[in-house]
Peer 1: 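Sharing a structure with you now.
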2 protein chains.
Amino acid sequence: MSTRGQEVFRQLREAIARGDYSGGSRMSEVEIAAAFGVSRTPVRAALSELAAEGLLDYTPNAGYAVRSYSAEDMIGVFETRAALEGLAARQAVEKGLSEAQYAQMKRVIEEADAVLRNPGEIKGIGAYWGKANAAFHNPVSEASRNPHLQWLLRKSRDIPMVQATLFRQPDIQRIQKAHDEHIYILEAIVGRQAVRAEALAREHIYKAGAYVVARMRGKAAGAA
Amino acid sequence: MSTRGQEVFRQLREAIARGDYSGGSRMSEVEIAAAFGVSRTPVRAALSELAAEGLLDYTPNAGYAVRSYSAEDMIGVFETRAALEGLAARQAVEKGLSEAQYAQMKRVIEEADAVLRNPGEIKGIGAYWGKANAAFHNPVSEASRNPHLQWLLRKSRDIPMVQATLFRQPDIQRIQKAHDEHIYILEAIVGRQAVRAEALAREHIYKAGAYVVARMRGKAAGAA
DNA sequence: AGTTTCAAAATTGTATGCAAATTATTGCGA
DNA sequence: TCGCAATAATTTGCATACAATTTTGAAACT
């Protein structure tokens with residue numbers, strides 16, 4: 001079993017990525033401690049880790065706050081992540097997919113194919129696609145067999161606002177396109193086309209980033 | 001002023017990067033607390049952050065230990081870092097160097113030119129080159145104006161053993177070659193040759209990685 | 001009214017004590 | 001002598017108390 005601090009860390013991490021806390025909001029130690037039914041000590045440990053992970057900003061003697069990203073920042077995040085996902089795809093080709101990794105990616109594609117063909121089940125499609133998307137991309141970074149790369153990718157994927165923007169109010173057309181891109185990426189990896197796989201993965205992420213930034217700017221403009 | 005936890009964090013971070021603690025060695029809370037003259041609380045905060053930074057491994061109920069990298073791991077680190085430094089160089093071209101950034105890079109090159117021409121001052125060349133190298137690369141990542149990229153680069157540069165391996169027992173020939181590569185990288189950035197700058201920066205890091213890995217394997221073989 | 005100042009309240013930083021888990025050690029048996 | 005089990009010692013996890021800092025709010029002054 002794990003420690004309480006680890007548990008608090010995990011739950012807060014999910015909550016922030018999911019968008020439960022709006023950007024810039026203060027994370028009160030006593031409040032969280034009360035909510036989890038623990039003392040401030042494990043909460044402080046969790047907050048400290050979350051800050052090191054980049055999900056929170058920390059100011060000495062002033063506490064922690066949910067980090068907020070500007071549109072500029074978000075462009076940088078996705079440009080960086082595009083390079084890393086491209087590298088992961090290339091290394092996945094170089095080192096080869098395991099049976100299990102290939103099976104999982106194929107399963108995700110076939111399942112999504114069925115789901116997307118039937119527009120009746122549109123309710124909850126955002127949450128579904130969020131999970132399916134992760135289930136598709138995880139095997140790729142695993143297949144790179146590069147722990148450091150996997151670590152940096154995790155830091156580039158779990159960013160406040162991103163999940164919420166992409167999967168909260170889903171855009172069925174965008175999901176369809178992303179799904180198509182997945183098919184070609186898997187095709188390239190299986191066909192040992194390293195350069196093509198890298199380019200496709202890179203562009204796949206780049207498009208997602210452009211979408212997130214557009215949504216951020218749109219919402220900001222709409223609210224103003 | 002900063003907190004004690006932050007101070008402990010900073011000092012431990014430097015010590016680990018410098019190679020004062022050998023890989024795998026346990027970091028005892030009470031020991032460190034005694035050494036710094038503080039209680040365990042700020043030490044725990046510092047260790048927690050260092051673990052999140054990737055410098056320490058953490059096992060629940062068993063504490064923290066200096067993370068050790070195998071040669072395989074190190075290859076992955078440098079492959080990843082090569083992609084990131086390449087991206088930084090490309091974005092530096094796209095966004096342009098500031099006057100100050102250009103001046104700093106040029107100064108480093110001219111200074112190193114003088115130092116390397118005079119082999120009398122070889123004592124302390126490792127430490128000198130370590131600083132000079134950082135002073136050359138930092139402006140590039142700054143010029144990318146990509147905070148996320150800068151953050152990931154920091155995590156890819158400050159790795160246990162790397163600094164010690166590269167700069168503790170310096171190899172004058174390798175330093176000379178790295179210095180030459182710096183000249184071409186700056187040339188490419190100034191000349192707005194994005195693709196060339198990216199390729200040069202990437203290869204520059206790749207070579208450094210190959211050197212570190214060779215040294216690791218050589219030392220391991222020699223010790224066995 | 002607006003600004004400044006000062007004090008009260010709230011929040012974070014640190015030390016300490018104790019519970020729980022892990023690690024080391026001792027003693028026994030094969 | 002080696003392996004194993006049980007216990008002692010060490011180390012970490014958490015809660016709590018208090019100190020230090022920041023934030024808030026109100027009163028006084030311009």
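Throughout, protein chains are lettered first and strands after them, A, B, ... in sequence-line order, and every chain is numbered starting at 1.
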Peer 1: In terms of side-chain heavy atoms of B:Asn61, which of D:dC14, C:dA15, D:dG13 is nearest?
Peer 2: D:dG13
Peer 1: Any luck finding a side-chain donor-acceptor pair between A:Gln6 and A:Thr3 under 3.5 Å?
Peer 2: no
Peer 1: Picking from C:dA15, C:dG13, C:dT23, which would you name as closest to the side chain of B:Thr41?
Peer 2: C:dA15
Peer 1: Specify the separation, in whole Å, of atom CG of B:Leu47 and atom C1' of D:dT12.
Peer 2: 11 Å
Peer 1: I'd like to know if A:Glu31 and A:Arg26 make a salt bridge, using a cut-off of under 4.0 Å between side-chain N and carboxylate O.
Peer 2: no
Peer 1: Quick one: is C:dG13 close enough that its OP1 or OP2 comes under 4.0 Å of any side-chain N or O from A:Arg44?
Peer 2: yes
Peer 1: Choosing from D:dT11, D:dT22, C:dT14, which nucleotide comes nearest the side chain of A:Ala62?
Peer 2: D:dT22
Peer 1: Rounded to the Å, how far apart are A:Ile32 CD1 and C:dT11 C1'?
Peer 2: 13 Å
Peer 1: Find the distance B:Tyr64:OH to D:dG13:C1' and express it as a whole number of Å.
Peer 2: 10 Å
Peer 1: Do the ring planes of A:His182 and A:His137 sit parallel (below 30°), tilted (30 to 60°) or perpendicular (above 60°)?
Peer 2: perpendicular
Peer 1: Taking only N and O in the side chain of A:Arg26, is any of them less than 4.0 Å away from OP1 or OP2 of C:dT12?
Peer 2: yes
Peer 1: For B:Glu7, is there an ion pair with B:Arg4 - N to carboxylate O distance below 4.0 angstrom?
Peer 2: no
Peer 1: How long is the line joining CD of A:Glu7 and C1' of D:dC14, in whole Å?
Peer 2: 15 Å
Peer 1: Nearest nucleotide by nearest heavy atom, which residue falls closer to the 5' end of DNA chain D, A:Arg40 or A:Gln6?
Peer 2: A:Gln6
Peer 1: Heavy atoms under 4.0 Å, any strand shown: does A:Tyr58 hit a base, just sugar-phosphate, or nothing?
Peer 2: sugar-phosphate
Peer 1: I need the CD-C1' distance between B:Glu29 and C:dA15, as an integer number of Å.
Peer 2: 14 Å
